[in-house]
Structures are given as structure tokens and as C-alpha cells.
Amino acid sequence: MAFRARGWRSPPPPPLLLLLLWVTGQAAPVAGLGLDTELQIERRFVPDECPRTVRSGDFVRYHYVGTFSDGQKFDSSYDRDSTFNVFVGKGQLIAGMDQALVGMCVNERRFVKIPPKLAYGSEGVSGVIPPDSVLHFDVLLMDIWNSEDQVQVHTYFTPPSCPRTIQVSDFVRYHYNGTFLDGTLFDSSYSRNRTFDTYIGQGYVIAGMDEGLLGVCIGEKRRIVVPPHLGYGEEGRGECWLLPSNSVLHFDVLLMDIWNSEDQVQVHTYFTPPSCPRTIQVSDFVRYHYNGTFLDGTLFDSRWNLGKTYNIVLGSGQVVLGMDMGLREMCVGEKRTVVIPPHLGYGEAGVDGEVPGSAVLVFDIELLELVAGLPEGYMFIWNGEVSPNLFEEIDKDGNGEVLLEEFSEYIHAQVASGKGKLAPGFDAEVIVKNMFTNQDRNGDGKVTAEEFKLKDQEAKHDEL
Ligand SMILES: *[C@@H]1O[C@H](CO)[C@@H](O)[C@H](O)[C@H]1NC(C)=O
Ligand SMILES: *[C@@H]1O[C@H](CO)[C@@H](O)[C@H](O)[C@H]1NC(C)=O
Ligand SMILES: *[C@@H]1O[C@H](CO)[C@@H](O)[C@H](O)[C@H]1NC(C)=O
């Protein structure tokens with residue numbers, strides 16, 4: 001107000017011009033004045049997008065070339081290959097520059113003409129600026145922030161569904177492009193063909209990212225604007241890059257993956273067959289096919305895995321634990337989706353060339369066949385009573401010794417006649433050979449009645 005009153009009483013152009021600058025934050029071109037005694041500003045280039053303009057108190061980074069009226073250069077930030085970084089309106093600059101920067105957009109270019117009274121006056125700077133010099137600056141604004149700035153987030157693509165968003169302590173994998181305010185790219189995960197993987201909210205990333213990533217969905221595209229006090233600060237040192245000190249960073253992120261170490265396997269049945277005489281139990285032999293995708297929907301190793309059939313025995317460690325858990329209680333003909341967090345899948349290491357480290361896997365599974373297994377731990381069982389003269393029965397030629405061939409023939413005959421049963425899903429010959437070796441205590445390739453009895457009395461699993 002004091003300013004206005006003063007300007008009113010004696011209305012010469014300077015206060016009026018200053019008033020314009022301060023109030024609107026924008027200077028009209030002042031070509032008409034043409035005096036070397038007033039600050040003159042020409043907006044040579046104003047970008048289409050200008051979300052924010054310089055206000056007094058902001059910190060800015062800009063490039064400039066300073067010349068005298070005769071065109072001779074006296075200083076240039078370009079020669080030092082680094083922006084000039086300073087607070088505006090705090091007397092750190094010559095008065096003319098403090099005023100001239102106000103209202104500027106990032107990427108705006110201004111020609112500024114500063115009279116001596118708003119520059120170095122009648123004294124000048126010894127050896128650099130002669131007395132009473134009018135200074136010309138060609139200014140390009142690169143960066144702007146204020147110590148009161150918070151992290152800003154702007155979602156510019158929202159996926160149709162969002163079952164889950166990033167929370168503190170989640171582990172996430174995301175792609176990003178990092179740019180400065182002027183649009184220059186300084187880093188991109190794409191250039192490394194690898195997502196950036198981290199825990200959230202635990203200080204593994206700069207504070208601005210820890211905050212800006214909260215609430216992001218898979219497939220969402222979000223811009224996170226991080227002021228330097230929540231980013232790399234004055235030092236400007238990133239994970240694998242060196243940034244100019246005090247720079248505002250734009251991160252365009254695309255979330256690929258999210259899980260939490262407390263996540264369990266999730267099962268969602270989307271087709272149930274009309275009848276289901278038995279559901280999968282441990283030791284059952286099953287045949288199923290699946291399509292495997294990542295959370296963002298891309299198929300992994302699609303050439304091989306699309307609808308590929310798998311044959312496994314549940315609970316035998318033939319698949320990752322998450323799959324083993326996800327198949328339980330399934331009916332033949334049922335279709336379900338099983339979501340497996342990495343700690344129950346392929347872990348931090350992943351599978352070379354197929355599954356990135358720490359990836360959540362989504363399997364669409366259809367159960368094709370189920371053969372009931374034997375009780376847990378058994379590889380062969382009798383369906384009825386065991387013959388009291390077992391050894392004599394096996395020892396067909398009655399010579400008191402059973403060879404592997406004799407033994408194998410006998411077991412297969414029991415299976416064929418329905419008297420016995422081998423565990424499904426395993427190589428029968430291997431099972432039979434193991435059974436034989438177990439009985440052949442002294443390892444001489446023959447089982448005697450004595451050896452047979454000893455083993456029989458122990459009555460352990462996997463034995464006759
Ligand atoms: C990223 O992958 C593309 C296509 O597979 C390949 O051309 C490029 O060389 C890879 N870049 C790096 C850094 O591995
Ligand atoms: C990053 O930049 C590349 C190349 O311009 C673009 O294809 C990609 O979508 C960008 N990613 C994000 C998350 O903005
Ligand atoms: C796997 O994908 C193929 C092709 O899209 C589809 O025909 C098949 O039904 C899918 N299988 C499962 C188990 O989802």
C-alpha cells in the first residue's frame with residue numbers, strides 16, 4: 001500500500017513499472033520507454049505450459065549471458081557449464097535481477113536490460129563492470145521451487161480396476177523416467193531394461209518418492225514432483241547419477257508390481273465344475289495347465305508357458321511353495337487364479353530370462369486330471385490284508401533269495417491285480433528299486449528271508 005501511495009503522489013514511470021511487476025508477476029514488453037534508466041524486460045519465449053511462475057522467496061536455477069550495451073560479454077553461466085542458483089527477492093542478486101526474474105516460467109527466456117541504479121551503480125565492479133554500466137542479460141529459467149513446497153502428485157492415467165494400492169512397507173517394482181523441470185531426462189529405468197525395486201516408506205528412497213508413491217495402483221501413471229529438500233538436496237547425489245544441486249525432479253512412474261512380506265497366496269476360483277468327487281490333497285498326482293502373467297498383465301515366457309501342461313505330485317517339492325499351496329483343494333475341471341508373492345515364488349533371484357527378481361506371479365490354472373495319491377510318505381501300499389507268507393510268495397523259485405527282477409515282477413503283479421498300489425506320479429521302476437534296496441540290508445543284490453524279516457519288523461513307511 002505504501003508503494004502505491006508513493007507512486008500516486010509523484011507518478012513517474014519507474015514505480016508504476018515496478019508495481020506492474022510485483023502485482024501481476026508479469027512485465028509487459030516495455031519497448032516504448034527505451035530509456036537506459038529503467039528496467040526493461042522482453043519475454044522472448046514463453047512456453048505453452050507454465051504451471052508456476054517465480055515469486056519473491058523462490059529458489060531458482062537459471063542460465064544467463066550478461067553483456068554491456070556494446071554487446072561485449074562480461075559473464076555467462078554457460079561458460080561455467082552450470083546454472084546460477086539463488087533465492088529471488090532476498091537481496092542476493094542485484095535489485096534489477098531480483099525484479100526481472102519475478103513472473104518467469106520454467107523454460108521462459110527473457111531479455112533484460114538493467115540500469116546502473118538497479119545494478120552496480122556509479123561504482124561498478126573493479127575490473128569487471130565499469131561505473132554506470134547498463135547491463136543486458138539473456139536469461140533462461142531452468143528450475144524453481146520454494147522451501148515450503150510439498151511433494152506434488154498428478155495421476156494422468158488411471159487403470160480401469162485397482163484392487164490394491166501402495167502402502168507403507170510394501171515392496172514395489174516400477175518403471176520411471178526422471179526429468180528436470182525443463183524437461184531434460186536425467187535417468188530412466190527403461191534404459192536399463194529393469195524396473196526399480198524397493199520397499200516403500202522405510203527410507204530406502206528419497207523422502208519425496210516414499211511419499212509420492214503412496215496410493216499408486218498397478219498400471220497407473222503418475223507424475224511425482226519432488227522439491228530438492230525432499231530429494232537429493234544441495235549435494236544432488238543420486239543412486240547412480242550426479243544431479244545439479246538443489247534441483248526439482250519430475251518422476252513419471254508406472255507401477256509394475258506390488259506385494260508385502262505378509263502376503264499369502266491368493267486363490268480365486270472362477271469356474272467350478274458341476275461335480276467334484278475329490279479335491280487335490282497332498283501326494284495326489286495332478287495334471288493341469290496354466291497361463292502365467294505378471295501383475296501388469298504381461299505373459300511371462302509366453303512361448304513355453306501359454307497353456308502348458310504340468311504333471312506333479314502335490315507336496316513333493318516339484319513346484320514353488322506358492323503353487324503347491326495354490327493347487328490345494330482344487331477339483332478336476334475347476335479354473336482358478338492363483339496369485340503368488342515372490343517369497344512363496346521365485347524370490348529375489350527370479351528365473352534368469354523368465355521371471356524378474358521379486359516378482360508377483362499370477363497363474364490362471366485349469367485342473368485336467370487327478371489321481372489320488374497314497375497316504376503321505378508311502379510309495380506302495382496294500383489294498384487288502386498282507387499275505388502272511390509274503391517272502392515265500394515273492395521267492396517264486398524257492399531258493400531262499402530274492403533278486404531285483406523277482407521282486408519287481410511280484411510288485412507289478414500285485415499292482416496289476418489291484419492288490420497293491422504304487423504312488424502315482426513317480427517312476428515305478430525307481431520306487432521298486434528303492435524298496436528292494438531298502439530290504440537288501442547288506443547290499444549284496446539279494447534279499448534273504450532274514451533281511452526281509454528284520455526290515456518287516458521295523459514297520460516303517462515305504463516298506464512292505
Ligand atoms: C534392452 O532391451 C532391448 C530389447 O530387448 C535391447 O535392444 C537393449 O540393448 C537392451 N538394453 C540394455 C541396456 O540391456
Ligand atoms: C518413459 O519414456 C518412454 C520414452 O519416451 C515412454 O515410452 C514411457 O512410457 C515413459 N514411461 C513413463 C512411466 O512415463
Ligand atoms: C491360457 O490362454 C489361452 C489363450 O489365451 C486360453 O485359450 C486358455 O484357456 C488359457 N488357459 C488358462 C488355464 O487360463
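Both ligands and their constituent atoms are indexed starting at 1 by order of listing.
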Atoms of ligand 2, numbered as shown, that sit under 4.0 Å from any heavy atom of Tyr156: 14 (O)
Atom 5 (O) of ligand 2 [closest protein heavy-atom partner, distance rounded to 0.1 Å]: Asn177 ND2, 4.7 Å
Residue pair Phe436 / Ile411, side-chain heavy-atom distance below 4.5 Å: no
Leu254 neighbourhood, listing ligand 2 atoms whose heavy-atom distance to it stays under 4.0 Å: 13 (C)
Sidechain N-carboxylate O distance under 4.0 Å for Asp75, Arg80: yes
Flag: protein heavy atom within less than 4.0 Å of atom 7 (O) of ligand 2: no
Aromatic centroids of Phe300 and Phe363 separated by under 6.0 Å: yes
Salt-bridge criterion met for Asp284 and Arg328 (N-O under 4.0 Å): no
Test item: Ser417 side-chain N/O and Ala413 main-chain N/O as donor-acceptor pair under 3.5 Å: yes
Closer than 4.0 Å: a protein non-hydrogen atom to atom 2 (O) of ligand 2: yes
Short N-O contact, Lys335 and Asp364, less than 4.0 angstrom: no
Distance filter under 4.0 Å to Tyr190 heavy atoms, resulting ligand 2 atoms: 1 (C), 10 (C), 11 (N), 12 (C), 13 (C)
Structural part of His289 in contact with ligand 3, heavy atom criterion under 4.0 angstrom: both
